[in-house]
Student: 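The structure's right below; bear with me while I get my questions together.
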There are 2 protein chains.
Amino acid sequence: MSSQERKKSRVTLLDVARHASVSRATASLVLRKSPLVGSETRARVEQAMRDLGYVYNIGAARLRVERSQIIGAIVPNLTNPFFAELLSGIEEAIGATGKVVILANSGERVERQSMLLQRMREHGVDGVVLCPAAGTEPDLSEQLAAWGMPVVQVLRHISVDMDYVGVDYAGGMRQAVDYLASLGHEKIAFAVHGPFHSAYRERVDGFRDAMLAKAFDPEILIHLPAQLGEIADSTHLLFAKATQPTAVICFNHLVALGLAAGLHDCGLTIGRDLSLIGFDDVADAEAIRPRLTSVSTGPTAIGEMAARLLVERIANPDLPPRRVVNDTTLSVRQSCGRPA
Amino acid sequence: MSSQERKKSRVTLLDVARHASVSRATASLVLRKSPLVGSETRARVEQAMRDLGYVYNIGAARLRVERSQIIGAIVPNLTNPFFAELLSGIEEAIGATGKVVILANSGERVERQSMLLQRMREHGVDGVVLCPAAGTEPDLSEQLAAWGMPVVQVLRHISVDMDYVGVDYAGGMRQAVDYLASLGHEKIAFAVHGPFHSAYRERVDGFRDAMLAKAFDPEILIHLPAQLGEIADSTHLLFAKATQPTAVICFNHLVALGLAAGLHDCGLTIGRDLSLIGFDDVADAEAIRPRLTSVSTGPTAIGEMAARLLVERIANPDLPPRRVVNDTTLSVRQSCGRPA
DNA sequence: CTGAAAGCGCTTACAG
DNA sequence: CTGAAAGCGCTTACAG
């Protein structure tokens, strides 16, 4: 059947109403499960819908109602498994409310992110879950408010005027440092990478605070390449500082993966020659050997929570801004030992 | 500003037209970059749009035009990094055409998949890229055709009546088997897992054919758990058959990860005690040690290609069904040696 | 509980 | 090049 014929043959609510010998208004009420309609009438209308193969046209409804039942999700990097889990939580929770999510990848580029927000606005999304690209200016928040666009920031934040769902990165750093300290480590490095944003800052500050609280040197920061493929080959950077660390905390899952590989390449045994703690604890952390002791941040739950907050925000735009900061948990496995 | 005020204040094309002292039709033409409008008029209209803060309402346009500029993407498992890369290719290519993608996760459940397709239909998607859940009946294709819904199947196929973009799994198996044979292996196992679908069948058949072509025993199939976390602990299954394999081909990236970990746990050295070949070659394959020799399938490129085909299909619904089957490439790294 | 009517914001012939 | 008019498929008061 050609698209021409398809267009012609679309069955509308009016067709359904006629077939069931009711008015269009009544058919509309049945559609939206209003209690105003008698059960016998309702049954007749529902039968008519089936007979005619009626398809609800959300787009048309929305023109009237100003609700698209679409929400947007913008992440900085789709292929990072951490964001994939986040997204899966968002999709799950939004899907459960009958809504649908438009996905976009900002690629950590601010201009692309603006373009995507604009496009989503033209599509009339009811709101967006945004993990802001590094370098996003705080005044994006004002623009979004001027648009009347409900937004929840996730994992990274640029403004206190918008809802935020994130992680207690400082608490996670404390867990990692305290655990290593309990094993006798004092020279602990923090291996970071990637662009600068709030979560980066909070991890670094959290690391320093936790180290200072123990009266350890808080400045053993190692900067690694952003690309996973290049991290392993940069492992020597761990030992390029004046102080030789006996333990390393990893900025995230990618750093942990890369360093685990790189240490293997150097002939060093993790947990014996050097202790390693991961951060984020993505599902495939289970498959690294030795099993990686790691600070879990629960990306799926974060995504679900962000979606839930967005739905509330849409329903009630005048709520004051909220902050939900999840605790981390330390999963002790096998990658840490006493200092060599 | 309350949502009430927002609704009131929406500026429409008619407002723009008045502000620029032209008719609504002219403003519409400017919007869609028609050459019918003089450049001076165009400039005036564009200025009016800026002055008033006009936002194009795609939803309203679509009611007239029967094109939503939305396409759907349904994958069976969002958190599998293989599908994340696929999705990233789809999003990239669709985004480049100015369209937007609605994402959904079938969780490998056929009823959920039906529900998602129905929901997408109600949202008026112009078409969908579908990686069918295991167990999808071939007659889904007829239903979709009756709906007039353009679809391209990706990675897995259920019907020859719909476009398909996939991988030459049989060719990939041949590359793996031939390479192992060249090293002297004859007892080669194929470690599989997960639900049954076309890609599963093609891999298994491809393995058997490749083994038979070498006159090797084609029946060393090892069935592993679906969950990554359980694979490592099932590594002993590799040695539970009458014939002890000297090399193992992995069904996919998850199996490779799991077995690499499990072999480590058994104290076996990959490449010396047992050779291992991965399949799919997702980005973080780089971080496994020893570096994994792997058959690459290029999920991002597959996603881009599928998106491109869908766009063509939407533009030209009467095209005959097409099949695009990408070649694999063998990336030789360090996980294979001569038989012990 | 039901019907008739207006309107959401756009596009598309049709005249000029 | 421009204007007036109809219509896409729905929802929502407003009367009955």
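Lettering follows sequence order; numbering is per chain, from 1. Since the structure is predicted, the reported quantities are computational estimates derived from the model, not experimental observations.
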Student: Are side-chain N/O atoms of A/D51 and A/Q47 paired as donor and acceptor at under 3.5 Å?
Tutor: yes
Student: Between B/T41 and D/dT2, is there a contact of a side-chain N or O with OP1 or OP2 at under 4.0 Å?
Tutor: yes
Student: When you get a sec, tell me which of C/dT12, D/dG9, D/dT12 is the closest nucleotide to the side chain of A/V65?
Tutor: D/dT12
Student: Are B/R50 and B/E46 within salt-bridge range, i.e. N to O under 4.0 Å?
Tutor: no
Student: Ignoring the backbone of B/A60, work out which of D/dT2, C/dC10, D/dT11 is nearest its side chain.
Tutor: C/dC10
Student: For the pair made of CZ in B/R64 and C1' in C/dG9, what is the distance, rounded to whole Å?
Tutor: 12 Å
Student: Taking the minimum atom-to-atom distance to the side chain of A/S23, which one of C/dT11, C/dG3, D/dT2 wins?
Tutor: C/dG3
Student: Let me know the distance between CZ of B/R24 and C1' of D/dG7, rounded to the nearest Å.
Tutor: 11 Å
Student: Rounding to an integer number of Å, can you tell me how far A/L13 CG sits from C/dC8 P?
Tutor: 20 Å
Student: Within the structure, does a side-chain N or O atom of B/R32 lie under 4.0 Å from either OP1 or OP2 of C/dC10?
Tutor: no
Student: Grab the CZ-P distance between A/R62 and D/dC10 for me, whole Å please.
Tutor: 14 Å
Student: At less than 4.0 Å, is any side-chain N or O atom of A/T26 found next to OP1 or OP2 of C/dC1? Yes or no.
Tutor: no
Student: Would you mind reading off the distance between B/I58 atom CD1 and C/dG9 atom C1', rounded to a whole angstrom?
Tutor: 13 Å
Student: Of the candidate nucleotides C/dG9, D/dG3, C/dC10, which contains the atom at the shortest distance from the side chain of B/V22?
Tutor: D/dG3
Student: Any chance you could lay out the side-chain hydrogen bond (donor to acceptor under 3.5 Å, both in side chains) test for A/D139 and A/S141, step after step, and finish with the verdict?
Tutor: CA-CA 5 Å; A/D139 61 10; A/S141 144; over 6 Å; no
Student: Scan every strand shown for a Watson-Crick or G-U wobble partner of D/dG3, both distances under 3.5 Å, and answer none if you come up empty.
Tutor: C/dC14
Student: Can you measure B/R18 atom CZ to D/dG3 atom C1' for me and round it to whole angstrom units?
Tutor: 13 Å
Student: So which of A/V311, A/V129, A/I70 actually passes side-chain contact (heavy atoms from CB on, under 4.5 Å) with A/I94?
Tutor: A/V311
Student: Any side-chain N or O of B/S28 less than 4.0 Å from the OP1 or OP2 oxygen of C/dT11?
Tutor: yes
Student: Can you check the B/L36 CG to C/dT11 C1' distance for me, whole Å?
Tutor: 13 Å
Student: Nearest-Å distance, CG (A/L52) to C1' (D/dG9)?
Tutor: 15 Å
Student: Select from B/A61 and B/R44 the residue whose nearest nucleotide in DNA chain D is closer to the 5' end of that strand.
Tutor: B/R44
Student: Ignoring the backbone of B/A25, work out which of D/dA4, C/dG9, C/dA4 is nearest its side chain.
Tutor: D/dA4
Student: Which of these passes side-chain contact (heavy atoms from CB on, under 4.5 Å) with A/L87: B/N105, B/L103, B/T79?
Tutor: B/L103
